[in-house]
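Here is how names work: the chains are called A, B, and so on, in the same order as the sequence lines, proteins then strands, and each is numbered from 1. It should be emphasised that the depicted structure is a prediction, and the values quoted were computed from it without experimental measurement. As a basis for the values below, the full set of heavy atoms in this structure was taken, side chains included, without hydrogen atoms, waters or symmetry mates.
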Number of protein chains: 2
Amino acid sequence: MARIPQSDLKPVRARRRAGRATMSDVARLAGVSAITVSRLLRDPTSVSGELAGRVRDAIEQLGYVPNLMAGGLAAAKSRIVGVVVPSIRNAFFAASVDALAARFGERGYAVLDSSADYDLQREDTLIEAMLAWNPAALVLTGFAHGPRAAAIVARAGVPVVEMWDIAGRPFDMAVGFDHNAAGRSVARHLLARGRRRVAVIGAMLGRDTRASARCAGVREELERAGRAAVDSIDLPRASNVGDGAVAIAEALAAPGGIDAVAFSNDVLALGAIFECQKRGVRIPDDVAIAGFGDLDFAAHCRPSLTTLRPPREQIGNETARLLLARIDGLSAERRVVDLGCELIAREST
Amino acid sequence: MARIPQSDLKPVRARRRAGRATMSDVARLAGVSAITVSRLLRDPTSVSGELAGRVRDAIEQLGYVPNLMAGGLAAAKSRIVGVVVPSIRNAFFAASVDALAARFGERGYAVLDSSADYDLQREDTLIEAMLAWNPAALVLTGFAHGPRAAAIVARAGVPVVEMWDIAGRPFDMAVGFDHNAAGRSVARHLLARGRRRVAVIGAMLGRDTRASARCAGVREELERAGRAAVDSIDLPRASNVGDGAVAIAEALAAPGGIDAVAFSNDVLALGAIFECQKRGVRIPDDVAIAGFGDLDFAAHCRPSLTTLRPPREQIGNETARLLLARIDGLSAERRVVDLGCELIAREST
DNA sequence: TCTCTAAATGTTAGCGTTGTCATATAAAAA
DNA sequence: TTTTTATATGACAACGCTAACATTTAGAGA
């Protein structure tokens, strides 16, 4: 006969344990079964008040933190949302991701985000890496994806929102606005202000399809009015103030001159403003300047900057709303939400 | 006698499956055991070339993506790194997190980041939420934490780096620079330029302890030189261009006037530059202006901005390096890494 | 040739939770 | 009172992987 009680026997195989309190520990202390603890945590109404109190005390006393890995494995789904943006350092995406993370955070979801660096190949890899976490939803940026993205996403079978663009064929849902239309509104504004010789300046247009669509929109509307763009410059690096200065210098030297510039980004426009100041070129008298983004400085620089205001936070909020509705089974719609993009006319035009 | 072969029997209890291929599926197809697949994925050198090839083919054929939840549960640790910053929309933290995520990404770690919004209570909650994922490491910002942070972090037993500051008592490791010293260097610079009536302007100094330390550093060094700060302004909102303009207007009205302003942030300084332009106040002739951050525009605005250049990316890189070394068991040191903060003197002073 | 050692591979059990089914208890209906 | 129904709780297996231990195989040395 064994003299050692069963419960004191060492397990056959030594095993690592995180050392943290587990749900069973809580259950034992509260004198209930583990499943009751699990239920209390997921749906407090399903447990009677008396037990709930005891379990909560036990949780408090042990400092119990649920192991979401175990939960995710058991439920075959996790409370993780995967987000892939071109770059989290970009103020636009950072704003959307921040709003999105806040909305998901309120509901107990964690956001795994990663920057694809405008590299479609890399985006494929990142999406695949996210799927390894069995995410409850996926958020991508735009419609330009790597060659394997469609297959990977389809296999994942999770709700997907492609944000920041709506002019394309989404995998599932899309939240954003029409960049081509935004570009056209800038062109119409410049034409209405009497500008006839407009230059279009963008950065990384080969990779940034949205900036590219905005610039194309400007050019199309100009052409429709019989005033084709005088000059088109595509800067090879991500938008930065210095390049904006260099680019406007080049545009000002265009044969026949220019009387307006549409930039794909406020940052470039700011560089242009500084360069004009330096050269004594008057804005908007000599040249009108329009940007994109309505960044913090746009309203305060001299002259203040005419620009497009993208719905940065709304994109995040609406993306979260759509995905949560789908996750909760409240909606099966495959929606495309156009949040629009307002033109803010200021002194620079 | 059962006429249905064992393998075709329905399991006793119906159970959900993600539907995705599992490691066993791969193993079966490759004619090996599951552990061989696991080993190949984690340490390719431990599997012979012949088997490795077969397994890789099987993975390819099935489109197998490992379930990291299951792996994390089995190994009692995950390839997740938790990061808590005050705000991911802040360009400084975004740069560090981006670099950090890149370094960890190369090694197969995913980064869960969340914004605490300068709310210590909220930070506690976020840290606790991260721990539910059994992270391999934790990255926090600064030394000001919520009341429960110390206990939570201690219980987690994972390597921790507190980034962006070194002047404090870290839980484990710290990577950053001395903000007080940075502030003092600005004061010395202004004094060396002959400035005697310096105002100090910051934003949210009550919550942003690093900005607060920089401002304090400026004041301390001024006092040491017998030239106490003429004015100190603490703006109630996060740094933005508009508030910078308002604040310098107030400072310029100080009795006796001022001849320099040290801002806690380039964004505020930019607002001040615009406001001075508007008022015809000459920089640096009438008033010198210094910022912090060396943001993109600092080198290009008119006049270009004297500022401090924090090691944004290096903080991320070094944080990742330290944590990975600890995770890999290469180092048990509890290091505090001072990356310094360079003063960039430009036209505005 | 045989033993010894190292490298390669396999077997088993368990990580901590949740889905499914089972059961006890209380409230409502007959 | 008995039957029915709803509510609260529990037992158990399964999720897909990896740690620990076990075994086989190949190569070195005696």
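The 5' end of DNA chain D is approached more closely, in terms of each residue's nearest nucleotide, by Leu73(B) than by the other of Leu73(B) and Arg39(B). Where Thr45(B) and Ala34(B) meet DNA chain C, the nucleotide closest to each residue was compared, and Thr45(B) sits on the side nearer the 5' end. Between Ala70(B) and Leu51(B), the residue whose closest nucleotide on DNA chain C is further toward the 5' end is Leu51(B).
Closest to the side chain of Arg42(B), out of dT17(C), dG10(C), dT18(D), is dT18(D). When distances are taken from the side chain of Asn67(B) to each of dG16(C), dG16(D), dG10(C), the shortest belongs to dG16(D). In the set dG16(D), dA20(D), dT18(C), dT18(C) carries the atom at the smallest distance from any side-chain atom of Ser38(A). Checking dG10(C), dC17(D), dG10(D) against the side-chain heavy atoms of Ala74(B) singles out dC17(D) as nearest.
For DNA chain D, none of the residues of residues 53-61 of chain B falls under the heavy-atom distance limit of 4.0 Å.
Inter-residue side-chain proximity for Ile327(B) and Lys77(B) is flagged as unmet; no heavy-atom pair is nearer than 4.5 Å.
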Could you list the donor-acceptor pairs under 3.5 angstrom formed by side chains in residues 94-102 of chain A, with sequence neighbours left out?
unit_1   : atom_1 : unit_2    : atom_2 : d
Ser96(A) : OG     : Phe92(A)  : O      : 3.4
Ser96(A) : OG     : Trp164(A) : NE1    : 3.0
Ser96(A) : OG     : Arg312(A) : O      : 2.7
Asp98(A) : OD1    : Ser115(B) : OG     : 3.3

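Contacts of Tyr109(B) classified as ring-ring contact (aromatic ring centres under 6.0 Å, His included), with partners at least two apart in sequence or in another chain: Phe104(B). Residues passing the side-chain hydrogen bond (donor to acceptor under 3.5 Å, both in side chains) test with Arg107(B), sequence neighbours excluded: Asp328(B). Applying the ring-ring contact (aromatic ring centres under 6.0 Å, His included) criterion to Phe171(B), with sequence neighbours excluded, gives His145(B).
Applying the 3.5 Å distance criterion, the base of dG16(D) shares no donor-acceptor pair with the side chain of Arg20(B).
Contact check, Ser33(B) against dG10(C): a side-chain N or O comes under 4.0 Å of OP1 or OP2.
Sorted by first and then second residue, the pairs that involve residues 45-57 of chain A and meet salt bridge (charged side-chain N to carboxylate O under 4.0 Å, His left out), not counting sequence neighbours, are Glu50(A)-Arg54(A).
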